[in-house]
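These notes concern the structure reproduced below.
The chains referred to below are lettered A, B, ... by the order of the sequence lines, with proteins before strands, and numbering in each begins at 1.
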Amino acid sequence: MPKRYTVTAALPYTNGPIHIGHLAGVYIPADIYSRYMRLQGKEVAFICGSDEHGVAIALKAKKEGKTPQQIIDQYDQLIRTSFESFGIAFDHYSRTSREIHHETAQEFFKILYDKGVFEEKDSEQLYDPEAQQFLADRYVTGTCPICQNPEAYGDQCESCGSSLSATELIHPKSTLSGANPKLKKTKHWYLPLNRYENFIQKWILEGHQHDWKPNVYGQVKSWVSNGLQPRAVTRDLDWGIAVPVPDAEGKVLYVWFDAPIGYISSTKEWAAQKGKDWKPYWTDKETQLVHFIGKDNIVFHCIIFPVMLHASDRYILPENVPANEFLNLEGRKISTSKNWAVWLHEYLQEFPDQQDVLRYVLTANAPETKDNDFTWEEFQARNNNELVAIFGNFINRVMVLTHKYYEGYVPEPGKLEQEDKETLDSLAKLPAKIGHAIEHYRFREASQLLMGLARLGNKYLADTEPWKLIKTQPERVKTILHTALQISTALAILAEPLLPFSAAKLKKMLNLDTENKPWTAIEAQKTLLNPQHLLGKPELLFKQIEDSQMDAQREKLTATLTENTPEGKDVAPLKPSVSFKKFEALDLRVAEIIQAKKVRKTKKLMELTVRLGAEERTVVSGIATDFEEAELVGKKVSLLANLHPRTLKGIESQGMILLGENKEGQLVFVGPEDKNTASGTSIK
RNA sequence: CGCGAGGUAGAGCAGUGGUAGCUCGUCGGGCUCAUAACCCGAAGGUCGCAGGUUCGAGUCCUGCCCUCGCUACCA
């Protein structure tokens, strides 16, 4: 096993607070891993920090009439304090806006620059003269040069599916100001990922086929087999880290380039404060580097950042990148902008001193292999049925019995019976099992193994029945409770990485020394709690969570949903009036649906065959989420019949069905329903 | 359409070639030290579908279907 661990957790982007998805995917597993490694006596640097650059922050500031600095200060503070009170025990949490990071990132750039790694390319890019900035591809719309669709985006045309670059668009328009963007020459530096395909091939595809998670490995494989492209590492923007070479005024490092370097600068800052040398943490082969991230970050941490590290020729590569999938909330995708989330800072207020409950639930149901769903129902069940009923209750039974029979002193054990030995043997095997699970990033399994130990304790008490034997064999009861107390102590030690607050509370109840007993003591079946040791006061380790609390949380989410529906807002403003002539140009008809079929591999598209008098037409309409195939057939609807045909998913749509949206956000037909209106009738 | 990940008991998941398992839930029983908690037992699965390889397939191969994600779409 390596002796030193550099553990990084994805840098949170400071444009919003932390929610349960972040915790389940990144911060809780990283924290468990780091805590465990520290308990094994390893040198650990658990590193994180706020990611504070990039165009999204610049735009958010502009929108809110604040400076970018104000935005990042606000969220850095919120994120920092909520991590701290949640017990994510970073060794260091820095910020990419700090001087040390600017220096480190610039130095990193310089190293690659001096080695001639980058390719320099002049290109003509669209520049918005009103907003006075270069436009990212997705901020430009225009006419597609291939299919003439007038609303193609700068990176891709929705109509024909072609990949475009913004400069190819005919009649481009800035979505920021509406201005006509002008071409302006600009120079950028590119990281030629294509030259490192062999490196990635050997390192990951051949070297880590079996120890990396399938979802991570699969993503990398997909990227490599599609062919890697050079990627610009600089941008024309005023918010970020200046490009430290001549001839680069007004240019900053692209945020994805500077952010991962934040791991290094944060380590440096930490080492300086501790009087340590940071270098071994990033250069020594005895160091195991592990990146904890969500699946959206796989390409950066498995391809781009490693290529940067490799090209610099002075850093070690990550040993593993255990990316998690995503967590949904009550069946819907978590969304910061739609406020569909459980926010960490709100949880901490509403469930004070219950950090471990959320830690446990998010660990036991972590999205390790696929997307998972968080529900308040499960949250309550996991707490009441597992933490309270199994773990907390076992501890309480042992505490109460020991106080009742022996005034809180640990009794002297007698001769061990078969049932005692078997229980202690199972106990001795657990540290290795839990450790193995954590070392292999299977935190869900680790949490269940820990709960299994509490179950073992309950079973042991049920089998030995000390409350009966106390009347007939009081000596035997001493052995039983001594054994039960050993299990309790082991729980306190083994729970530390997973449930640090409860572990601390339990240690206090057991009156354990503050320093941790090593896991090896459990494996060696050493006495963990000596006879005559005096226990502390019994307290409940976990509290029941009531239905009313869950109802309140669910109501909060329902309120969010209501806010998000169009009805909660004002009616959309009317468009400018049109002349009668223009209205007359529209040919509106009654159409009868005679066939309806969902378009494969789409969520919303329905292929409809409609009758217009004698004529039959195909119309593709985005209504599949609101209507079943069967209920559509026979229905009469209003159709805009002379709309220019458009091809969707390879099906030519010859018209558009008129629809309205009700307050629940469901689509309803505008039109004549099934009266005696003949199909083909004109609507006037 | 393309790529990736999944599809195993009512729910959530484990199981990568050798008699289908865990947790929750359900039902029945036991216990009463314990936060109406704990312990035992039972019911419940054609392991997405169809072929193939093999003495043997949840596990390997091929094709297909479905779900999710990325991307796109929503005329």
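Shown here, B/A43 forms no base pair; nothing in the strands shown gives a Watson-Crick or G-U wobble contact with both key distances under 3.5 Å. Across the strands present, B/U71 finds no partner; the criterion is a Watson-Crick or G-U wobble pair with both atom distances under 3.5 angstrom. The base-pairing partner of B/C64, taking Watson-Crick or G-U wobble contacts with both distances under 3.5 Å, is B/G48. As the counterpart of B/U54, no nucleotide is assigned, since no Watson-Crick or G-U wobble pattern has both distances under 3.5 Å. Across all strands shown, B/C38 forms a Watson-Crick or G-U wobble pair, both distances under 3.5 Å, with B/G30.
B/A11 atom C1' lies 19 Å from atom CZ of A/Phe379, rounded to whole Å.
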Would A/Lys295 and A/Asp371 satisfy salt bridge (Lys or Arg N to Asp or Glu O under 4.0 Å), going step by step from the backbone distance to the final call? CA-CA 10 Å; A/Lys295 67 174 166 185; A/Asp371 291 359; 3.1 Å; yes
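Where A/Asn328 and A/Leu387 each meet RNA chain B at their nearest nucleotide, the meeting point lying more 5' is that of A/Leu387. In terms of position along RNA chain B, the nucleotide closest to A/Glu325 lies nearer the 5' end than the nucleotide closest to the other residue of the pair A/Lys543 and A/Glu325.
Using a 4.0 Å heavy-atom distance criterion, A/Pro466 is classed as making no nucleic acid contact. Using a 4.0 Å heavy-atom criterion, one finds that A/Gly218 contacts the sugar-phosphate atoms exclusively. Within 4.0 Å (heavy atoms only), A/Phe542 reaches at least one base atom of the nucleic acid. A/Leu541 comes within contact range of at least one nucleobase, with a heavy-atom separation under 4.0 Å.
B/A9 and B/G63 have their P atoms separated by 26 Å, given to the nearest Å. Across the P atoms, B/C68 and B/U8 are found 15 Å apart, a figure rounded to whole Å.
One finds no side-chain N or O of A/Thr402 lying less than 4.0 angstrom from the OP1 or OP2 phosphate oxygen of B/C33. Contact between the side-chain N/O atoms of A/Lys295 and the OP1/OP2 oxygens of B/G6 is not found at any separation under 4.0 Å.
Using a 4.0 Å cut-off between charged side-chain N and carboxylate O, A/Glu419 and A/Arg476 make a salt bridge.
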Reading nucleotides 38-45 of chain B from 5' to 3' and marking B where a protein heavy atom lies under 4.0 Å of the base, S where only the sugar-phosphate is that close, and - otherwise, the string is SSS-----
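In this model, a donor atom of one side chain and an acceptor atom of the other lie less than 3.5 Å apart for A/Ser502 and A/Asp356.
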